[in-house]
Every structure is written in structure tokens, then in C-alpha cells.
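Just so we're clear, the structure is a prediction, and the values are computed from it rather than from any experiment. Sequence lines set the chain letters: A, B, ... in the order given, protein chains first and strands last, and positions in each chain run from 1. Just so it is clear, the values below take in all heavy atoms, side chains as well, and ignore hydrogens, waters and symmetry mates.
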Number of protein chains: 4
Amino acid sequence: MIIQLDLQSEVPIYTQLVHQIIEGIAGGKLQPGEPLPSVRSLASDIGINLHTVNKAYTLLKHEGYIQVHRQKGVVVNPDGMPPVTQEFADRQHSELRPVIAEAICRGMSKDELLDIVDRLYTDIAPITPIAPIAPQGGEN
Amino acid sequence: MIIQLDLQSEVPIYTQLVHQIIEGIAGGKLQPGEPLPSVRSLASDIGINLHTVNKAYTLLKHEGYIQVHRQKGVVVNPDGMPPVTQEFADRQHSELRPVIAEAICRGMSKDELLDIVDRLYTDIAPITPIAPIAPQGGEN
Amino acid sequence: MIIQLDLQSEVPIYTQLVHQIIEGIAGGKLQPGEPLPSVRSLASDIGINLHTVNKAYTLLKHEGYIQVHRQKGVVVNPDGMPPVTQEFADRQHSELRPVIAEAICRGMSKDELLDIVDRLYTDIAPITPIAPIAPQGGEN
Amino acid sequence: MIIQLDLQSEVPIYTQLVHQIIEGIAGGKLQPGEPLPSVRSLASDIGINLHTVNKAYTLLKHEGYIQVHRQKGVVVNPDGMPPVTQEFADRQHSELRPVIAEAICRGMSKDELLDIVDRLYTDIAPITPIAPIAPQGGEN
DNA sequence: GTGGTCTAGACCACA
DNA sequence: GTGGTCTAGACCACA
């Protein structure tokens with residue numbers, strides 16, 4: 001998968017990396033169980049520091065998107081993705097509200113906005129999404 | 001209008017302030033031409049630093065949401081809101097993409113997501129939005 | 001509060017720091033809302049790198065023990081401590097099992113072991129412990 | 001005895017192996033004098049590296065849990081288990097302290113904690129434990 | 001002054 | 001070779 005970073009962006013590099021990888025998973029370019037490049041190789045490939053990649057991987061690990069095996073390296077979580085928790089829903093709303101409010105101010109109708117979200121959704125995930133793991137100790 | 005800040009949030013206070021005011025405008029609680037509290041009074045009201053309010057107002061002015069007059073003070077832009085520019089659309093997409101990608105990974109269907117956006121839109125703007133000013137130069 | 005580190009230990013410094021601070025809270029030496037030293041001052045005080053302190057603080061923040069305010073610095077979570085979640089209970093058991101198994105092998109009776117735990121509990125928290133926050137969005 | 005490893009755990013595999021074997025002894029599933037599989041066969045049985053098993057066995061030998069003979073192979077120490085030395089007690093305390101401190105912070109009462117330890121003890125060793133060998137030199 | 005981010009470089013445990 | 005830990009040092013956003 002190709003990682004596209006904007007080093008001039010206000011968005012921290014490790015955050016961009018996190019976004020790119022999540023988008024890769026959402027789009028099916030990265031399948032559960034699929035290996036990701038090692039911290040060092042990815043860092044040298046995209047020309048950033050090892051610690052920056054590490055920070056991104058650590059975050060993705062904590063959120064349940066990837067697994068880090070001490071020696072085998074990093075893989076997309078083979079047990080599936082984290083589910084929609086209440087915490088996630090809350091965060092999602094607080095991220096969406098400012099974007100929606102701005103759209104409203106600038107005169108974007110609800111239909112226009114929904115259309116944009118619709119198209120972005122399809123653009124990111126042209127195929128059927130991966131089933132998430134059950135919320136708590138499910139049979140998967 | 002009541003300003004709600006979360007001082008523990010990772011979102012900078014001035015950004016939260018910007019969001020709150022934009023949401024106030026989007027919801028019709030702040031009408032074009034309506035005066036906003038002075039930098040000083042708002043800062044003391046919500047117990048934050050002058051510079052923080054100043055930074056928020058400066059940003060809102062640059063984006064066209066408010067006008068700052070030497071004597072008359074601060075008002076919601078009476079000429080209407082900034083339009084949907086290409087720049088805004090680009091920024092909006094780059095803000096929406098990570099949110100949507102995460103939703104997809106966690107198994108949220110397009111309909112579920114659209115429903116959330118729909119409900120947030122109505123929650124923020126229960127009334128008809130304000131007409132934006134025409135784009136300065138072309139139909140865009 | 002006095003921080004005691006063993007730089008020769010196999011336990012990483014940041015882990016020792018985490019343990020020390022949690023023990024300080026458990027013992028009432030660090031009260032909810034009480035400020036902790038800044039990343040930099042603590043690092044220079046105990047003669048370790050700023051990043052090592054940062055890692056400890058970040059961990060404590062994620063687990064809910066402390067809050068990190070961007071400018072005001074670090075405080076023990078004024079809303080109280082994280083509750084006993086299922087995840088915590090599981091981790092606790094997996095940490096206790098090897099310790100208990102070893103004690104059994106070496107001939108320590110259940111009463112002896114319980115006595116040790118009892119005494120350590122009292123040694124760490126001679127006073128009544130702090131009430132934790134309610135599991136999910138409670139009234140606190 | 002069945003060995004259960006979690007290859008995703010942060011606990012090193014050799015440590016998990018050590019824990020499993022000690023727990024097997026504590027639970028009476030592995031009796032003093034009883035043979036353990038050879039390094040090679042265990043490694044291939046559970047699909048891990050020879051060196052990893054070797055490291056675990058070496059550690060167990062040094063602590064006195066097992067004996068490794070050139071020809072007879074590996075056996076649970078027929079002379080009994082290592083005793084409760086001062087060194088062991090110290091290590092045990094330093095392992096228990098962080099677990100107990102965390103429990104206290106999260107509002108677990110002493111009785112609740114003792115109950116957990118009690119139940120884990122019985123769960124690990126439903127039968128009477130093996131008598132350890134006498135401490136080598138003094139009543140300790 | 002405070003934490004956040006990023007880099008460069010080193011050593012170690014693990015497998 | 002892999003990730004984990006630690007250091008030293010720098011620049012920046014925030015308040």
C-alpha cells in the first residue's frame with residue numbers, strides 16, 4: 001500500500017500515518033492478518049524517523065486495529081476490527097459536529113452534505129467492509 | 001449563547017471556541033449582524049486568557065464568519081457567511097475521510113453513518129440555515 | 001512525593017515511574033486534583049530523560065489516573081480513579097496467577113500468602129482508599 | 001500437560017512457558033520426578049523456537065524447579081521445590097505491590113482482593129501442595 | 001513555562 | 001531482524 005504524507009500539514013505525521021493505515025483497511029487494501037512493514041523499513045521507506053512510525057503503530061495497536069508481535073512484526077488484526085463502542089460514537093460525534101456546523105454556515109444543504117459523505121464512503125470502501133469483532137468476548 | 005469548554009480536551013481552547021461560535025451561527029442562536037462579547041468580557045466570562053479569545057476571533061474574522069470593528073466591537077458578519085469554496089471543500093473532505101474510514105473499519109454501514117450525519121445536522125440547525133454570500137468571482 | 005527508581009532493574013524506568021505514582025495515589029500521598037511535577041522538572045529531578053517521564057505520564061493518562069492539561073501541567077485525576085473493569089480484572093488475574101503459583105510451589109500456604117497480601121495492602125494504603133468514578137457516565 | 005501460549009501477549013514466550021510449567025507443578029499436574037518433554041519435542045509440539053524452550057528450561061533449572069540430565073532428560077526436581085528464600089520473598093513483594101496498589105486505586109477493598117487471591121490459589125492448587133525441600137542453611 | 005512532535009543514534013531482549 | 005527502551009537535543013503550539 002502506498003503511504004501519502006504531507007510533511008507541511010498541521011496534522012502530525014504519526015496521525016497522518018494512522019489515518020492512512022485505517023483508510024487502507026477500510027478500503028480492503030489491507031486485509032486482516034496481512035503484515036505491515038516493520039517500524040524500521042516503513043520509516044526508511046517514507047523517510048521519517050523510526051519513533052514516529054512507532055508512535056503510529058502503538059496508537060493503532062491500542063485501538064485494536066493492528067497487532068504487534070515482538071519478533072514477527074506487525075499485522076492487521078486477524079481477529080477483525082474494533083467495534084462501534086459508545087466511546088467511539090461519542091468521539092465520532094464530537095469530530096463530526098464542527099465539520100457539519102461549518103457546512104451549515106456556508107449554506108450547504110443537508111442533502112448536499114449527505115451526498116458528500118455518501119460519495120466519500122464509497123470512495124474509501126468500494127467493497128463490502130470487514131466484519132468487526134463482537135464487543136466483549138464474543139465467539140467472533 | 002452559552003459557551004461550553006472542555007479544558008481537559010486535546011482540542012485547543014481557541015479551537016473549541018471557534019467551533020462553539022460557528023455552531024451558534026449554524027443553529028441560528030447567533031444571527032448575522034448580532035454583536036459578540038468583546039475579547040475582554042468573553043475572556044473573563046469563561047475564565048480563559050485574553051490571547052486565547054483573541055486567537056479565536058482572529059481566525060473567525062479571517063474565515064469571514066465575524067467582523068471586528070475598532071469601536072463597534074465584534075459582530076457576526078452581517079453580509080452573510082463565507083461560501084463553499086474549493087478550499088473549504090478540500091479541507092472538509094480531508095477532515096471527513098478519517099472519520100468515515102474509521103466508521104467503515106468498525107463495521108458501520110453507509111446508512112448508519114448517513115443517519116448519524118443527518119441527525120447531527122438537524123440537531124445543530126433545527127431551522128433553515130442562513131444564505132451565504134455569493135462567491136467572490138465565479139459560480140464556483 | 002519521593003520517587004525511588006532502580007536503574008539496574010529489569011523493569012523499565014517508565015514502568016517503575018508508573019508504579020510509583022499509582023502507589024502514591026493508593027497511599028493517599030497524591031490526592032485527586034493534586035498537581036504532579038512537569039515532565040521536564042521530574043525528568044531533571046530524578047535524572048532521566050524527558051521522554052521517559054512523558055511515556056509514563058501518557059500511560060497513566062490513558063488509564064485514567066492523571067489528566068494532562070496542555071499548559072497547566074499534570075494533575076491526579078480530580079474526577080477520581082478508573083473503576084474495576086472486566087479488562088482490569090482479567091489483567092489482574094493474569095498478573096497474580098504466576099506469583100501465586102510460584103508461592104504454592106515453594107510451599108507457601110494459602111493463609112501465609114493471604115497474610116502477605118493483607119499486610120502489603122495496609123502498608124500501601126494505611127488510610128481509606130479514594131472512591132473510584134462510576135463505570136460509565138455515572139453522576140460521580 | 002497442555003501448554004497455552006498467547007503469541008500476541010507482551011509477556012515473552014519463554015516467560016509464559018516458565019509460568020505454565022510452574023503452574024503445572026503447583027496444580028499437581030506435574031509431580032516431582034516426572035519427566036518433561038525434551039527441548040526439541042516441546043518446541044515442535046507447541047510450534048516455537050528451540051532457543052525459546054531452552055531459555056525457559058534453563059531458567060527453571062536455575063531456580064530449582066527442574067533438573068536437566070544429559071541422558072535422562074528433563075524432570076521436575078525429584079528433591080522437591082525451592083523454598084521460600086528471602087530473595088524470593090523480596091521479589092514476590094515487588095511483584096505484588098504494583099498489582100495491589102492498582103487494585104486500591106480502583107476502589108477494590110482488602111476483602112475483595114483477598115477473596116480474589118484466595119480463589120486463584122484454590123483454582124491453581126485444588127490439592128495439597130508439595131512440601132518444599134528444607135532451606136539450604138538456616139531456618140531462614 | 002508547558003506539553004507535543006520529530007529527529008538521530010544507541011543498546012538490548014526476543015526469537 | 002524485530003520491536004522496546006532510553007538518551008540528547010531541537011522546534012513548535014498553547015496559554
How many Å lie between [atom1] on [X] and [atom2] on [N], as a whole number?
| X | N | atom1 | atom2 | result |
| --- | --- | --- | --- | --- |
| A:E10 | F:dC14 | CD | C1' | 13 Å |
| C:L60 | E:dG3 | CG | P | 14 Å |
| A:L42 | F:dG1 | CG | C1' | 16 Å |
| A:N54 | F:dC6 | CG | C1' | 13 Å |

Any side-chain heavy-atom pair from [X] and [Y] closer than 4.5 angstrom?
| X | Y | value |
| --- | --- | --- |
| C:H51 | A:H51 | no |
| D:F88 | C:E102 | yes |
| D:K61 | D:V74 | no |
| B:V11 | B:D6 | no |

If you assign D:P12 and C:G73 each to the DNA chain E nucleotide with the nearest heavy atom, which residue ends up on the more 5' nucleotide? C:G73

Pairwise 5' ranking along DNA chain E for C:S41 and A:L50, keeping only the more 5' one: C:S41

Please determine if a side-chain N or O atom of [X] lies less than 4.0 Å away from the OP1 or OP2 oxygen of [N].
| X | N | answer |
| --- | --- | --- |
| C:S38 | E:dG1 | no |
| A:K55 | E:dT5 | yes |
| A:Y14 | E:dC6 | no |

Report which part of the nucleic acid [X] touches: base, sugar-phosphate, or nothing (heavy-atom distance under 4.0 Å, all strands).
| X | value |
| --- | --- |
| C:Y57 | nothing |
| C:I13 | sugar-phosphate |
| D:I48 | nothing |

Note: A:R91-A:E87 ion pair, threshold 4.0 Å (strictly below): no

Let's test this: given Watson-Crick or G-U wobble pairing with both distances under 3.5 Å, identify the partner of F:dC14. E:dG1

Counting only Watson-Crick or G-U wobble pairs whose two distances fall under 3.5 Å, which nucleotide matches E:dT7? F:dA8

Can you check whether any acceptor in the base of [N] is under 3.5 Å from a donor in the side chain of [X], or vice versa?
| X | N | result |
| --- | --- | --- |
| C:H69 | F:dC14 | no |
| A:H51 | E:dG9 | yes |
| C:R40 | E:dG1 | no |

